[in-house]
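Side chains included, hydrogens not; waters and symmetry mates left out as well; all remaining heavy atoms used. Both counts, for ligands and for their atoms, begin at 1 and track the order of listing.
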Amino acid sequence: MIEVLSSLGCRVLKDEPLSMHCSFKIGGPADFFIEIPNELALSEFLRIISDGRFCILGGGTNILFSDEGYRGTIVRLTGCFKEISVSGDEILCGGGALLSDVLKTACENGLTGLECTAGILGTVGGAVYGNVGRGDKWISAVIKSVEVYKNLKKELINREKAIFGYRKSGFENSIILKVVFSLKKDMKNDSLKEISKNMQKRLETQPLNIPNAGSIFKNPDGFSVGKLIEEAGLKGIYAGKAQISELHGNFIVNTGGAFAEDVLALINLIKEKVKEKFGISLETEIKIIK
Ligand SMILES: Cc1cc2nc3c(=O)[nH]c(=O)nc-3n(C[C@H](O)[C@H](O)[C@H](O)COP(=O)(O)OP(=O)(O)OC[C@H]3O[C@@H](n4cnc5c(N)ncnc54)[C@H](O)[C@@H]3O)c2cc1C
């Protein structure tokens, strides 16, 4: 596998520490870590790996890897998959493109619609997979189509056929290759104000200077999970070197050298206490990869 994929321009690493590839800075080694630069190499990889275990990684900003690492191959889309282009009021980009670069391109071209993604880290693939957003504004509102690999076949899925919901997209078993965003060409000062307001709010309410993976839990219907955690008196609690953020209850931070086990202990504690106090069952938003 290594020779064939390397000859197609892939970067293949063995026993790569996953802590280097996620915003939590936690995780043991993956058997293989492959950066795939184009569709030819990707289809060859999928052919070779047909019976093997693999996982697509974007920016690693919504993921918790296990301390034992990953028995299989972690795949990251690079090269052509990071390209972004503009055609009229549409932006076409690869699944590996950075979401922040797409928003920047939108601003530079006076295109509005992606303001709710301001300050969200990671790639377009990860963002579409998780239907990211802020409040009741989600990225799916401006998606025109998504090109995916599913069951070894390429498919173009128009927005009407996709199953978007709160932090879900229906692309769980797909590889997101390309996305077309349909925007509006009337960016006004209001859009720029919304972007800077979003960024400012993050600086004030999120522990951006300590490794974390964003919101740990989804908000249950009608509740802010951060407030529930705060009201349950859990903010600031430690397990090993992992801590429930003092700033935002729905964030767990790695204060230096935390293990996945520590984070999982806090996740279980929060679930238990919130259920006990409010009768609400929490569902994790971060992906736990074992
Ligand atoms: C400080 C901070 C603030 C955040 N704020 C927000 C916020 O306001 N709103 C919000 O919604 N999220 C937020 N997040 C979470 C996170 O940034 C988003 O979920 C982001 O879109 C994840 O993208 P990623 O590329 O890092 O995905 P990863 O974390 O790498 O992966 C997440 C999931 O997407 C899958 N995936 C990634 N790429 C592909 C692909 N090409 N094809 C198929 N599947 C793929 C992975 O397999 C995995 O299951 C925040 C995170 C941090 C650290």
What protein heavy atom sits nearest [atom], and how far away is it?
| atom | value |
| --- | --- |
| atom 43 (C) of ligand 1 | Ser174 O, 3.2 Å |
| atom 49 (O) of ligand 1 | Lys287 CG, 3.3 Å |
| atom 2 (C) of ligand 1 | Gly214 CA, 3.8 Å |
| atom 31 (O) of ligand 1 | Ile63 CD1, 3.7 Å |
| atom 44 (N) of ligand 1 | Tyr129 CD1, 3.6 Å |
| atom 9 (N) of ligand 1 | Gly133 O, 2.9 Å |
| atom 3 (C) of ligand 1 | Gln206 OE1, 3.5 Å |
| atom 24 (P) of ligand 1 | Gly59 N, 3.3 Å |

With respect to [atom], which of [options] exhibits the smallest heavy-atom separation?
| atom | options | answer |
| --- | --- | --- |
| atom 11 (O) of ligand 1 | Val253, Leu98, Val132 | Val132 |
| atom 37 (C) of ligand 1 | Cys116, Cys22, Gly126, Gly60 | Gly126 |
| atom 20 (C) of ligand 1 | Leu99, Asn173, Leu121, Asn198 | Leu121 |

Checking the N or O distance criterion of under 3.5 Å, is ligand 1 in contact with [X]?
| X | result |
| --- | --- |
| Arg202 | yes |
| Phe251 | no |
| Gly95 | no |
| Ile176 | yes |
| Ile289 | no |
| Thr123 | yes |
| Asn62 | yes |
| Thr61 | yes |
| Ile56 | yes |
| Ile120 | no |

Side chain, backbone, both or neither: which part of [X] comes within less than 4.0 Å of ligand 1 when only heavy atoms are counted?
| X | answer |
| --- | --- |
| Val124 | neither |
| Leu77 | side chain |
| Arg134 | neither |
| Ser215 | neither |

**Asked** Does even one non-hydrogen atom of Arg167 get within less than 4.0 Å of ligand 1?
**Response** yes

[X] versus [Y]: any side-chain heavy-atom pair under 4.5 Å?
| X | Y | value |
| --- | --- | --- |
| Arg76 | Ile36 | no |
| Arg134 | Arg202 | yes |
| Val263 | Asn254 | no |
| Met20 | Pro17 | yes |
| Pro29 | Tyr70 | no |
| Asn219 | Tyr166 | yes |
| Ile143 | Val180 | no |
| Phe54 | Asp31 | no |

Those atoms of ligand 1 less than 4.0 Å from some heavy atom in [X]:
| X | result |
| --- | --- |
| Leu57 | 30 (O) |
| Gly122 | 23 (O), 24 (P), 25 (O), 26 (O) |
| Leu208 | 1 (C) |

Measure the [atom1]-[atom2] distance between [X] and [Y] for me, rounded to the nearest 0.5 Å.
| X | Y | atom1 | atom2 | answer |
| --- | --- | --- | --- | --- |
| Asn268 | Leu282 | CG | CG | 11.5 Å |
| Asn212 | His248 | CG | NE2 | 10.0 Å |
| Phe32 | Thr73 | CZ | OG1 | 6.5 Å |

Regarding [X] and [Y], does a basic nitrogen lie under 4.0 Å from an acidic carboxylate oxygen?
| X | Y | result |
| --- | --- | --- |
| Lys277 | Glu231 | no |
| Lys235 | Glu246 | no |
| Glu285 | Arg167 | yes |
| Glu108 | Lys104 | yes |

Inset, instruction - Assess the pair Phe223 and Phe278: is the distance between their ring centroids shorter than 6.0 Å? - result: no

Is Tyr129 reachable from Ile286 through a run of I, L, V, M, F, W or Y residues, each pair having side-chain heavy atoms under 4.5 Å apart? no

